[in-house]
Amino acid sequence: MKRTPVYGLMAEFATPTDIVSAAKRTHEAGYRKIDAYSPFPIEELAEAIGFHREGVALVTLIGGLLGMFGGYLLQYWIHNISYPTNVGGRPLNSWPAFIVVTFEMTILFAGLAAVFGMLALNGLPMPYHPVFNVPRFAFATKDRFFLIIFSSDAKYDSVETRRFLESLEPRSISEVPS
Amino acid sequence: MDPQTPVTERRKAPVIAPGHTFATITDKISSIVLARPVTNAWLVGFGFFGLITMMLLYAIGYLFLRGVGIWGVNIPVGWGFAIVNFVWWIGIGHAGTLISAILLLLRQQWRNSINRFAEAMTLFAVACAGMFPLLHLGRPWLFYWLFPYPNSMNYWPQFRSPLVWDVFAVSTYFTISLVFWFIGLIPDLATLRDRAENKWAAMIYGILAMGWRGSARHWKRYEKAYLLLAGLATPLVLSVHTVVSFDFAVAILPGWHTTIFPPYFVAGAIYSGFAMVLMLAIPIRKLYGLEDFITLRHLDNSAKVMLATGLIVAYGYAVEAFMGWYSGNHFDSFLLWNRLHGPYRFTYYALLFCNIGFPQVLWFRNWRTRPLRLFVVSAVILTGMWLERFVIVVISLHRDFLTSSWGMYYPTKWDWMTFIGTIGFFLFAFFLFVRILPMISIFEMRTLLPEAEVKEAE
Amino acid sequence: MDDRGKKSEEICPGKKGSLDLVAVRKRLEQTKGPEYWRSLEELAGTAEFREMMHREFPKGASEWLDGVSRRGFLKLMGASLALAGMTACTRQPLEPIVPYVKQPEEFVPGRPLFYASAFSMRGYATPILVESHLGRPTKIEGNAQHPVSLGGTDVFTQASLLDLYDPDRSQTLTYLGDPYSWSSFLAAFHGPLASQKPLQGAGIRVLTQSFSSPALADQMQSFLKLYPSAKWHVYEPVNRDSVYAGAQMAFGQPVETQYKLDKADVIVSLDADFLYGGYPGFTRYAREYASRRDPDKSMNRMYVIESTMTSTGAKADHRLPVQAAKIEQFARALASGIGVNAGAGQLGDAEAKFAAAIGDELKTHHGSSVVIAGDNQPPVVHALAHAINQALGNVGQTVVYTDPVSAIPVNSTDSLRDLVSDMRAGKVDMLIILGGNPAYDAPADFGFGDALKSAKVPLRIHLGLHQNETAELCHWHVNEAHYLEAWGDTRAYDGTVSIVQPLIAPLYNGKSIYEFVALLSGQSEATGYEVVKAYWQKQHSGPDFDMFWRRALHDGWIEGTTFTPKDVTTKAADFPTSTSSDTKSIEINFRPDPSIWDGRFSNNGWLQELPKPVSKMTWDNPIFIGPAMAARLGVQKEDLVELELQGKSMLVPVWVQAGQPDNTVTVFLGYGRTRAGRTGTGFGFDAYQLRNSAIPWFAAGLNVRKVSGSYELASTQGMQSMDAEIGQRPLVRETDLDEYRKEPNFAQEEEPKKDETLYPVVPGFDYSKQPYAWGMAIDLNSCVGCNNCIVACQSENNIAVVGKDQVNRGRHMHWLRVDTYYEGDRDQPRAFFQPVPCMQCENAPCEVVCPVGATVHSTEGLNDMVYNRCVGTRYCSNNCPYKVRRFNFLRFQDWETPQYKMMRNPNVTVRSRGVMEKCTYCIQRITQHRVDAERADTPIKDGELQTACQQSCPSNAIIFGNINDPNSKVAKLKGLLRNYSLLGELNTRPRTTYLAEIRNPNPQLEHLATAASAVESENS
Amino acid sequence: MAQIFHRSTNTISRATIFGAVFVVSFAFWVALKIERSPYVTYAGVARPQPVPFSHQHHVSGLGIDCRYCHTSVEVSRFAGIPPTKTCMNCHSQIWTKAPMLEPVRESYRTDKSLVWTRVNDLPDFVYFDHSIHIDKGVGCNTCHGPVDHMPFMYNYASLRMEWCLNCHRAPEKNLRPRGQVFNMRYQQPTPDSPVAMDGKTFSDQQSLGLYLVKKYKLRTQADITSCSTCHR
C-alpha cells in the first residue's frame, strides 16, 4: 500500500452523544479504518466503529488453566515423584492440602494474563503515536472526543473525507501528519 | 465536613457534589499532584513517619544481628507480635480490594471516588504484612527455601503447611493488587501526562501511561480486562484471609482448631480494612478539600459495611464461646475460661468492647455521617481487631494441653518498635502516594457525571 | 563485684598489687573464649601486663555483655549478604585436617573407646564407663557390669564431665594470686617441711574431705609415721556424722549400713532421701526399689516420714510431712509399737495412727521390712532404726552392716573444731587443705575464714579444682587434676574398690591429691599412677599382678574388695532424748541442694540449670515453705523474707512448696558463692551463714519476717497441678493396687483404635514391614524423679545452657524434661513424676505444618528433625501438644570456649541460632548400631542399643527398643494393660508411651488418702 | 499537544519490557549455576597441601592399596588420614634426602603433626559413614573418582545433596562386588567385558546392581533417603 504523508483526518466533538452518532454515521458511510478517542470508556463507541471481539477473556482463560494445572502438577510432582517424604503419616498426594496453592496459582496466572494480554492486544506500550501530533488531542484525556479516519482506509480521499467529516458538524477538523 | 450540613444532604448525600464537569473534575484532582505546592503539614507528616520508618529499620537490623530472641517469644508462645501484626495488616489490606473489585462487580458507583487510595492502602498494608513472616524466622536469610526452585539439595517446600499457602496467597495477592491498581492508573497517568507543564513530569507520567490515548478499541479491551481482574480479585481476597486463618485452623491447638475461622477472619479483615479506609479518607478529604468527591454518602456506606461485618465478627465470637461450652471438650471449655479469667483476660474484655460493644453506635446515622465521630469509631475498631489477633495467638498458645508447659508472653521493646515502625512505614508510603499520583480515579469520576450518558440520537 | 576488691585487701595485708589482680580475675570471669586464653598467657607474668589490661579488657568485657562487636558485626554482614539471596554462592572455607604423628594402636578414628573408672563424692563411688573420642572424654555412663551401678548414675556423676572442661577451673599454681611454677613451689615448700622434721611434724595440719581411697589412706598412714605429731583432719559440710554416731550408740562401733531393698516388702524412711543422687548406694537402691514396684508381681509398700518435700517422699505410698524434730518422737512411737523399749514419743493424733498402722504392718513382715534413718537425723534416730531392724529380724535380710566406707570415720565437725582451735592457738605452722572449701562451708560459729587468714598460720596451702573462697585465703594454691585426668582408687557404698583411671592428660598440669600427699612424705616425683599401682601391688598376694591389674581396669572394680557383712550386737538399749520438739516455734532445716549439693558444683551449668526434682527451680535456692504456713505468713513465691536464727539473719526469697511440713522452713546449702566462677558466682543465697556446729541439720526457734521487695525465680514448670480450672487432665494415669486389679486397663480409656484413621499407609513407610520400629516405654511406677536422664541427655546431645534470664523467658533447652505434678491437698499432696521426651508421634502434628519439610518421618517411625533445613518458623512447636520442641532463640551455644569444643559429642550437630531442636531418640546411637549390625549381618539385639536417658537410668524406668520385635522388652511393656499414650485422644500415635502409676496404699491408712482425694475433688 | 517521545521509544519500551523477562531468568539461571560450580563445590580443584603428595604416583605407580594409609575405612565412618609414621615407614628408607619430604621428616622429628587441607569436605551437619558404603559394595572411585590419576588430590564429585541422592535413589547403578571396592581400575560390566560373580556372569550393570542390592541386603530407597540417614 502506498505510503501517504498524512496519517488521517481527525474531527473533534464535545459530548459523548455527538461522537457516538458521528462514529455511527462514519461507519455507515462505509469507512472501515477509523477510530474514536474518549477521556472515559463509552460502550456504544466501540460498537459504533464496528469493534466487537476483544479476545482478552480467552487469553485470561488460558492463563488461568495454565496456572491451575501447573500449580497442582508442581505439588504432585514434588511430593510423589521428586522426593516422596512421610509427613506426619499424611498421604503423599494430599490433594485437599494442595488445593490452596493450586487456586492461588490459577488466580495469579489468569490475572497476569488478563493484564499483559490486554496491553499486548492494545499494542501498548506505544509512547509515540501520530495522533499526538495534533495539539488539540491533549484534550482527549480531559473533556474532548475525537474521531479519526485513517488515510490507509480504501475510501479515504483527502478532499472527500474532509467534506464528509464537516457534514458531521465537529468542533474542529485537523489533519494528522504521519 | 462540618456537622451543620443541610438537611437535604443528610437525607441522601450524592456520590459527587452537583455542578462538576469533566473539566473541573480533571483539573481539581490532577492539580493536587501537578499544581499544588508542598504544604508544611505534608512535610511534617512525611518527615515524622520517615523517622519512624528509620526506627523500624534499626529494629530489624538489631533483630538480624541477635536473633528473634530479642522479642518476647518463647516456648510455649512461639508466635507473638510478629504474627499478630501480620494478620492485622493483611486484614487491613482487604478493604482496598473489596472496594475496588467486589463493589465494582456489585455496580456500586460510589466506590469510584475511594477505590484508588483504598487500593494504594492495600498495597502498603500488604507490604507491611509481608515483612513479618520473614522477620519472625529464626534464620530469615533462608526465606527463599519457602519457594520451589531447582536447588542443589533436591529438596522442596512442604505444600501441606499453611505457611507455604501463606507465601503463595500473600505474594499472589500483592501481585494482583499491584497490577489491578496500576492498570486502573493508566488513563489518569495519561491525563497527567497531557496536563503536566514540567517536561520531566510529562516524561515520567508518559512512560508510565505507556502511550494511552483512549482509543475506543483500547477502552473496550481495557474494560474487559478490568472487569475480569475484579472477578479474579474477589475470590482471591476472600481466599487470602481464609488461608491466613488456616495458619490457625489447621493446627490442633485448642482455640486455633476451629472451622468458624475462615468466614470470621474474612469478615474481620473487611471490618478493620474499612476502619483504616475511613481513618485515611476523613483527614484527606478535609486536607485536600475533596468533600465534593468523598461525600458523606461514602462515609455513611463505609460505616454500614463496618456495622455489618462487625456483626458477623460478633457472631464468630459467639460461636466460639458457644462451642467452647457445647463441644464438651474440656480443653476448649478451659480456653474459654482462660479468656475470661486468665492472666490476659483484659485483652479479651477490651476486644469485646472495641469490636462488639462500642461500634454499635453505628446504628445511628448521626454517628455514621459525622466524620470526627466516625474517625474515633474506626480507631477503636482497629485497636479491637489487633487485640482479636493477640487473643487468638497468645491466649491459645500460652496455656495448651500439658499444664506443665504453660507459660506467659511479655512483648519486649523490640516487639513494639517493630510494630509501630510498620505503622510509620505505612503512613510514610501513603504520604508519598498522595503527592505523586491522583488519589482519586479521574476517569471513573467522569463517568459519574450525568453528561457522561449517551443519549439515544433519534 | 567491687566489695570483693575491698575484701581481698583486708584478707592479705601487705599483699602487693592485690587489687589489680582481683580486678583481673573479676574481668576474667566476664570475658570468654579467646580473650580468656590470651589473658591467661598475659597473667603468666609479662611486664607491661597491667597497662595492657586497661586497654584490652573493657573491650573484652563489653563484648561478653552484649555481643554486638567485631564478631557480631561480621555476623550482621553475613546475614545481610545472605538476605541478598547470596547464600547459594557463599562457599565452605577450606578446613585443615590434622593426623597423628604416631597413632596409638587402640585408636580407630571415628570410633569412641570406653574406659571403666569411678566418680566419687564424699568417698562413695559411682562406677562409670567414660566414652572417649580420640582421647577426649565426651560422655559418662553407668558401669552396667558393676553390681553397685548396674548401669545407673546420678546427676552429679553425669555432670562431673562438665567440671573437667570448666573454663573457670584453676589453671595455674599461684602464690598470692600470682602464677608460679611447680618447681618454684617445691623450692618454697621444701624448707618449711624440712623444719617440721625435728618437731615430728607437730606444726603440720592436713585437711581433706572425707574419702574412701585405700591408697590414699595408706599414704596418710605412712605420712603420719613420718610425722607422728602431725594431724590429719577431715571435714565434709554434708557429712554422715550422725550416721556413724548412731551406729556407735547402737553397736559401740561406727559401721556402715547397707539395705537390700529388693528383699523388702515394707520400707519405712525416717527422713531419708535415699532415692536421690548423693545418697550412698542410690543407684543400686533405686534399681532394687523399682524392681519391687511391678503391680503384676508382689509390690512393696513405702512409708516416708520426712521434714522436707523430696523426690523420695513423692514416691511414697504413704507420706507424713512432719517437723524434723518430730521424727525422733515418731521413731520412738514406732519402736515401742513393735516392742522396743524406747519410751513413747509424744505424737499428734493422726501421726500416732500413722505410726500404729506402720507398726502393725512391720510386725507382720519380719525379715522383709526395713527402716531407714536419714543422714540429717540425730544419732538417736539412727540407733532407734537399728533397734527396730534388729527387733524385726531384718538384719542379715534387708539390712547388712559392714565396716565404714570412709577411710576416716571420725566426726568431721569435731575434727574441724579441733583444727580451728589449734589454728587459733597458733599451733599450726603449715596448713595443707587438700580439696574442699571450708572457708565457705564450715559451720559459721567456727569462723574458719578469719582463723585461716590470721597471721597465726604462717603457711597455708590449698589444692583444689577452683580458685575458690578458701584458695583466696591461702598463700599457695595448687591447681588440682580432675578425676578424669588423674589416677586413683575409691570405694563404692558396699566397699567394692574401683580404680580411677585418667581419660586425658591433665589439661593444666594439675596435681592429684595422691601426688601431693606423696610430696608430703618426701617422694616429690611420685606420680599418681605409681602411688596407686604400688599400693595395689602390695595388696595383691597372687602371682600374676599384671593380669589382676588389667582386669581391675577393664572391669572397673577389684574382685573381692567388697566388704563382708559384720555381725554386730546391740548394746544396752537406752535412747537419750536428743531434741525436744516444740511444734509451736518454726523449725529450720538445712539440706544439700539437689542440684549443686554443698556448693562444689556451683560452677556447673548443667546442674545449675537442672530443674530441682520437686520445685523445678533452676539457678537459685529459695526456701521451702508449706502452703498453709505461707498463707499464715501472708507470703507467696518470690517474696523476700528475713530468716533470723540465734542472732544471725539472712534475706531469702520464698518458694511455696506443696507437701512441705507445716512450721518448717527448709533452706538449701551451696548457693551464694562469691568465688565460684562465671556460672556460680552471685547466684542464690548463702545458707551456711545460719548453720553452726551445734545445729548441723535443723533447729527450732527460727524467726521468719516478710520484708518488702521480691526476687525473680526461674522455675521451668508452668503449673504443678494436672487439673486446669476446667476439666481434669489425666496426664499421669494412676490408681491404687486394688483398683488396678479390679480394672487393669483403666489407663486405656480414650485410647483410639489402631484403625481409627483416615490416612492410608504412606507408600514405602509401612512400619509393620520394617525390620526396626523404634519405640519407648516409660514406667511411671519405677521413675523416682532423680533427674539423671536430663543431664545424661544434655551431655549426649550437646544441649546448650541458656542461663537464668533465658530460663525465665521460657527458653530452657532440655530435650527431656521431668514434669512433677501434685494432686489433692497441697499440704499433703500426692506427687507424680513424668519424664517427657519427644513422643515421636506417627501422625506428628509438627511435621504437617513445617513449610520447608525440616521435620519429617523416617521409615523406622522416627520424627526426624533436620537442623540444617530448619528456617525457624516455630510453627512445629506451636502445634506440638507435648511442647517438647526447643528453639535456639539466640545463639545459645558457646562457639568460642575451646574447652567446650573438646567436650562435645562429635556425632551430634551443634545447633546454632534460629533452629528448632528436639529429642531424636539418640539417632546417632541408632545409626551407629544399625551400621555395625548391617556390617556384621545380624539384627540389632534387644538392649544393646540404648538411648542416653535409658542407659544411665538407675531405676530402669525408661525402656527403648524395637517394637516390631515381639520379644523385645519395650514391645512386652507396651503390651501391658497399664500402657497408655499421653493425650492419646488426639490420635497422634506416640511411639513414646507410659505405664500408668500404681500406688500400693495401706488399707488401714486409706482414710488419709481418701481425705486427700476428697479435698482434690472439691478443688476440681 | 506535541509529541513527548520519539518514534523509536515504541520499540525501545517494548524491548525493555520483553527483555526484562530474559534478564531476570538469566540471572536466576546464573545463580543456580554458580551454586553447582567448582567455585562453590571445589569439584576438580586441587587444594594447597604442605607436601605435594601424589596419589597417582603411590597408587598406580607403586600399587599401594587405599587401606595401607586409610586404615579405618572399613570399620569406621572416618577413613583416616595416615599419621606421619605411615609415611616414614617407607621414607625412612627411600628418598630420605628429598627436600620435598622435609616437612614429613620434620613432623616426625619434632612430633608436630602435618597440617593437611581437607579435600573431600562435607558440611558438619552431614554424617557420612565410609564403612557401610564399602560394606554395601560402593567402590572408592565411585565417589572419589580416578584417584589413581590424581597427581594432586581434588574432590571428584560436587558433594552436593542432589549428587548423594542420585545414588541413594538408585544404588543399583553403582554397586560392585565387595572384592572390587578397592580396585581403582574396575569397569562396570558390559556385554564384551562381563563381570563374573557367584558363578553367574553379568553383562550389564543393571542386572548386576539389582543382584547385589539383594545380596548385600540394601535398605529400601525410602529407608536410605530418610533425612536421619545423613542428618542428625
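What you see below is based on every heavy atom in this structure, not just the backbone, and it leaves out hydrogens, waters and symmetry mates. It should be emphasised that the depicted structure is a prediction, and the values quoted were computed from it without experimental measurement.
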OG1-CD distance between T403(B) and E725(C), expressed to the nearest 0.5 angstrom: 10.5 Å
Quick check for you: to the nearest 0.5 Å, what is the distance between I252(B) atom CD1 and C880(C) atom SG? 8.0 Å
Under 4.5 Å between any side-chain heavy atoms of I75(B) and R811(C), yes or no? no
Side-chain heavy atoms of Q717(C) within contact of W406(B), under 4.5 Å: no
Interface moiety of R885(C) toward chain B, non-hydrogen atoms closer than 4.5 Å: backbone
Quick one: which of W156(B), F331(B), Y409(B) has the most heavy-atom pairs under 4.5 Å with chain C, could you say? F331(B)
Given a strict heavy-atom distance threshold of 4.5 Å, which part of T820(C) is in contact with chain B: side chain, backbone, both, or neither? neither
Name the region of Y155(B), side chain, backbone, both or neither, that has any atom closer than 4.5 Å to a heavy atom of chain C. both
If you count heavy-atom pairs under 4.5 Å between each of S404(B), G67(B), G78(B) and chain C, which one has the most? S404(B)
CD/Q728(C) to NE2/H330(B) distance, rounded to the nearest 0.5 angstrom? 9.0 Å
For N868(C), is there any backbone N or O sitting under 3.5 Å from a side-chain donor or acceptor partner on R139(B)? yes
Residue pair R66(B) / F889(C), side-chain heavy-atom distance below 4.5 Å: no
Is the shortest side-chain heavy-atom distance between W79(B) and Y875(C) below 4.5 Å? yes
Using heavy-atom distances under 4.5 Å, tell me whether F892(C) contacts chain B through its side chain, its backbone, both, or neither. neither
How would you list, in number order, the residues of residues 799-809 of chain C that have a heavy atom less than 4.5 Å from chain B? R809(C)
Between T873(C) and chain B, which part of the residue has a heavy atom less than 4.5 Å away: side chain, backbone, both or neither? both
Of all heavy-atom pairs between W337(B) and I726(C), which one has the smallest distance, and what is that distance? CB-CD1, 3.4 Å
Would you say the side chain of F887(C) lies within less than 4.5 Å of the side chain of N74(B), judging by non-hydrogen atoms? no
Separation of R729(C) CZ from L402(B) CG (nearest 0.5 Å): 8.5 Å
Does any backbone or side-chain atom of P845(C) lie under 4.5 Å from a heavy atom of chain B? Answer side chain, backbone, both or neither. side chain
S912(C) versus chain B, the contacting section by heavy-atom distance below 4.5 Å: neither
Under a 4.5 Å heavy-atom cut-off, does chain B meet the side chain of V856(C), its backbone, both or neither? side chain
Max heavy-atom pair count under 4.5 Å with chain C, selected residue of L253(B), L397(B), V164(B): L397(B)
Contacting moiety of E847(C), where chain B heavy atoms sit under 4.5 Å: backbone
Side chain proximity check, L731(C) to F401(B), heavy atoms < 4.5 angstrom: no
Once rounded to the nearest 0.5 Å, what's the spacing between atom CG of N878(C) and atom CG of D400(B)? 9.0 Å
Which of Q158(B), H257(B), R160(B) touches chain C most, by non-hydrogen pairs under 4.5 Å: Q158(B)
